[in-house]
Enquirer: 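Supplied in structure tokens, the structure appears directly below.
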Amino acid sequence: MTWQMIAIGAPLFFVAYQSLSKLLPENISPLLINAYASAVGLVVMLALFMLTSAEKSFAVSARTLSLALGIGVLISLGNVTIIRAYGLGAPQAGFTSIFYPLLIVYALLFGLLFWHERLNAYQMLGVILSIIGVVLVVYFKR
């Protein structure tokens with residue numbers, strides 16, 4: 001399996017969880033839902049680690065722990081905002097058509113600014129088309 005195959009398949013999990021988020025009652029806190037979802041995620045991740053890792057130790061360095069905690073905070077905040085958007089009645093097609101192109105744009109910006117990656121002409125065209133697409137979706141949604 002290659003990273004490209006994973007990149008193609010992984011969004012399916014996010015779209016599925018976003019679809020499930022639309023079924024939540026409006027009066028439930030996205031913070032509570034995220035807490036439950038994170039608890040389930042903890043169990044699933046630990047089980048997958050134990051099943052797939054040759055090393056069964058949970059020990060990590062202080063730096064790795066700090067990075068993991070930061071990632072956890074960002075994942076939680078991202079999930080809360082997605083659940084909140086659907087709680088406010090965001091249509092899945094509308095939300096997704098704004099969210100995912102901007103995910104591409106933000107990721108490319110992070111790659112450029114923090115990791116000093118280079119864009120090729122196709123990536124630049126993709127960014128431009130993504131931004132145009134988001135503007136069209138937002139503008140014509142009115």
Side-chain angles (χ1 to χ4, degrees), residues 1-139 141:
M1 180 174 296
T2 66
W3 69 264
Q4 292 94 341
M5 293 167 59
I6 293 171
I8 291 168
L12 183 59
F13 293 112
F14 289 94
V15 170
Y17 114 68
Q18 290 171 4
S19 289
L20 290 175
S21 295
K22 290 193 65 61
L23 300 175
L24 293 168
E26 287 182 28
N27 63 343
I28 192 83
S29 168
L31 300 173
L32 180 62
I33 294 303
N34 198 50
Y36 277 111
S38 296
V40 170
L42 172 69
V43 172
V44 169
M45 287 295 141
L46 289 176
L48 288 172
F49 170 74
M50 294 303 284
L51 290 171
T52 62
S53 178
E55 168 138 1
K56 303 300 182 197
S57 171
F58 294 125
V60 295
S61 69
R63 181 177 188 277
T64 300
L65 180 60
S66 297
L67 289 170
L69 293 174
I71 291 167
V73 168
L74 293 171
I75 288 172
S76 295
L77 293 173
N79 287 339
V80 163
T81 56
I82 290 169
I83 292 167
R84 178 72 176 134
Y86 285 122
L88 291 171
Q92 185 160 8
F95 179 85
T96 302
S97 63
I98 294 170
F99 179 81
Y100 283 103
L102 286 177
L103 188 66
I104 294 166
V105 171
Y106 296 154
L108 287 172
L109 288 174
F110 268 64
L112 291 170
L113 296 173
F114 298 113
W115 308 115
H116 309 290
E117 297 173 352
R118 303 267 186 240
L119 289 182
N120 62 37
Y122 294 112
Q123 290 170 316
M124 291 168 108
L125 178 63
V127 168
I128 292 166
L129 291 174
S130 294
I131 292 170
I132 291 170
V134 169
V135 169
L136 290 173
V137 167
V138 171
Y139 180 77
K141 185 63 180 167

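Note that the structure is a prediction, hence the values are computed from the model and not measured.
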Enquirer: Could you work out, with side-chain hydrogen bond (donor to acceptor under 3.5 Å, both in side chains) as the rule, every residue matching S53, not counting sequence neighbours?
Expert: none
Enquirer: Can you name the residues that form a side chain to side chain contact (heavy atoms under 4.5 Å, CB included) with L46, not counting sequence neighbours?
Expert: L42, F58
Enquirer: Could I get the full list of side-chain hydrogen bond (donor to acceptor under 3.5 Å, both in side chains) partners for N79, not counting sequence neighbours?
Expert: Y17
Enquirer: Minimum heavy-atom separation for A85 to F95, with atom names?
Expert: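 It is CB-CE1, 3.5 Å.
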Enquirer: Go through M5 and T2 one step at a time and tell me if the side-chain contact (heavy atoms from CB on, under 4.5 Å) criterion holds.
Expert: CA-CA 5 Å; M5 293 167 59; T2 66; 3.3 Å; yes
Enquirer: Can you list everything that forms a side-chain hydrogen bond (donor to acceptor under 3.5 Å, both in side chains) with T64? Sequence neighbours excluded, please.
Expert: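 With neighbours one apart ignored, the set is S61.
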Enquirer: Rounded to the nearest 0.5 Å, what separates atom CZ in F14 from atom CG in L12?
Expert: 11.0 Å
Enquirer: Distance from M45 atom CE to M50 atom CE, nearest 0.5 Å?
Expert: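 Nearest 0.5 Å value for the CE-CE distance: 15.0 Å.
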Enquirer: Mind listing the closest non-hydrogen atom pair of F49 and S57 along with its distance?
Expert: CZ-O, 3.4 Å
Enquirer: Run the side-chain hydrogen bond (donor to acceptor under 3.5 Å, both in side chains) test against T52 and tell me which residues pass, sequence neighbours left out.
Expert: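 In terms of side-chain hydrogen bond (donor to acceptor under 3.5 Å, both in side chains), with neighbours along the sequence ignored, T52 is linked to no residue.
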Enquirer: Side-chain polar contacts of residues 108-135 - donor-acceptor pairs under 3.5 angstrom, sequence neighbours left out - could you list them?
Expert:
residue, atom, partner, partner atom, Å
N120, OD1, Y122, N, 3.0
N120, OD1, Q123, N, 2.8
Q123, OE1, N120, N, 2.9
S130, OG, G126, O, 2.8

Enquirer: By side chain to side chain contact (heavy atoms under 4.5 Å, CB included), which residues pair with Q92, not counting sequence neighbours?
Expert: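 Q92 satisfies side chain to side chain contact (heavy atoms under 4.5 Å, CB included) with V15, Q18, S19, K22, Y86, T96 once adjacent residues are dropped.
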Enquirer: Got a sec: does the CD of Q4 have more than 12 other heavy atoms crowding it under 6.0 Å?
Expert: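 It does: Q4 CD has more than 12 such atoms within range.
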Enquirer: With side chains defined as the heavy atoms from C-beta onward, is the minimum distance between Y100 and L103 less than 4.5 Å?
Expert: yes
Enquirer: Do F99 and I82 have side chains that approach each other closer than 4.5 Å (heavy atoms only, starting at C-beta)?
Expert: yes
Enquirer: For residues 30-41, which side-chain N or O atoms pair as donor and acceptor with protein atoms under 3.5 Å away, sequence neighbours left out?
Expert:
residue, atom, partner, partner atom, Å
N34, ND2, S76, O, 3.2
S38, OG, N34, O, 2.8

